[in-house]
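Notes follow the structure.
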Amino acid sequence: MTPQLQQFDDRDGDALRRYEYDDSVVYAADIGTEADETTVDVVDGTVMIVSGDEQADFEIAESGTAEAIIKNGVLTVEVAR
């Protein structure tokens with residue numbers, strides 16, 4: 001199935017995109033840092049990104065089990081439905 005794409009947020013020029021699938025919702029954003037430089041966690045519907053002294057966060061509307069990873073500078077958050 002082809003995901004539905006919508007631009008969800010555009011803070012500081014970094015687009016957070018939202019893709020809907022039958023069994024999950026996926027958020028993706030180019031954050032430009034590698035996983036060894038940055039940590040990401042999901043707590044109670046809030047995605048928290050920490051890189052050095054900088055921190056950013058955003059809310060996700062979906063409920064369910066969420067997993068977040070950073071690979072090649074791209075943050076991906078998958079929420080199972």
Side-chain angles (χ1 to χ4, degrees):
M1 171 182 222
T2 303
Q4 297 177 12
L5 171 66
Q6 86 180 65
Q7 183 136 351
F8 190 73
D9 196 358
D10 192 13
R11 286 182 243 170
D12 301 324
D14 296 330
L16 175 64
R17 298 187 183 275
R18 182 177 181 272
Y19 300 86
E20 285 194 43
Y21 298 93
D22 292 334
D23 59 349
S24 65
V25 174
V26 176
Y27 294 89
D30 182 0
I31 60 172
T33 61
E34 294 302 319
D36 58 342
E37 303 168 358
T38 305
T39 60
V40 62
D41 199 8
V42 182
V43 178
D44 295 329
T46 301
V47 179
M48 295 172 285
I49 307 157
V50 178
S51 183
D53 293 336
E54 296 183 34
Q55 180 175 334
D57 57 67
F58 64 91
E59 302 290 321
I60 51 176
E62 291 73 29
S63 61
T65 303
E67 294 184 30
I69 62 167
I70 299 171
K71 185 174 181 178
N72 297 327
V74 176
L75 167 68
T76 304
V77 180
E78 182 174 356
V79 184
R81 291 184 181 193

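Side chains included, hydrogens not; waters and symmetry mates left out as well; all remaining heavy atoms used. Numbers for residues simply follow the sequence, beginning at 1.
Contact annotation: the side chain of Ile69 never approaches that of Val40 to less than 4.5 Å [non-hydrogen atoms, C-beta and beyond]. Glu67 has its side chain out of reach of Val77: every pair of non-hydrogen atoms, C-beta onward, lies at least 4.5 Å apart. Residues Leu75 and Phe58 have side chains in contact (heavy-atom distance under 4.5 Å, counting atoms from C-beta outward).
Heavy-atom minimum distance, Ser63 versus Val79: O-CG1, 3.9 Å.
Note that CD1 of Ile70 and OG1 of Thr39 are 7.0 Å apart. Values are rounded to the nearest 0.5 Å. With values rounded to the nearest 0.5 angstrom, Ser24 atom OG is found 4.5 Å from Glu78 atom CD. Leu16 contributes atom CG, which lies 11.5 Å from atom CG of Asp30 (distance to the nearest 0.5 angstrom). Atom CG of Asp41 is separated from atom CE of Met48 by 5.0 Å, given to the nearest 0.5 angstrom.
Residue Arg18 forms a side-chain contact (heavy atoms from CB on, under 4.5 Å) with just one option from Val25, Ile60, Val26, and that option is Val25.
Not a single donor-acceptor pair under 3.5 Å links the side chain of Asn72 to the backbone N or O of Val74.
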*Any chance you could lay out the side-chain contact (heavy atoms from CB on, under 4.5 Å) test for Val50 and Thr38, step after step, and finish with the verdict?*
CA-CA 6 Å; Val50 178; Thr38 305; 5.9 Å; no
*Using the side chain to side chain donor-acceptor pair (under 3.5 Å) rule, take Tyr27 and Glu62 through it: C-alpha gap first, then chi angles, then the decisive distance, then the call.*
CA-CA 11 Å; Tyr27 294 89; Glu62 291 73 29; 2.4 Å; yes
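By the 6.0 Å contact criterion, CD on Gln55 is enclosed, its count of non-hydrogen atoms from other residues, nucleotides or ligands being greater than 12.
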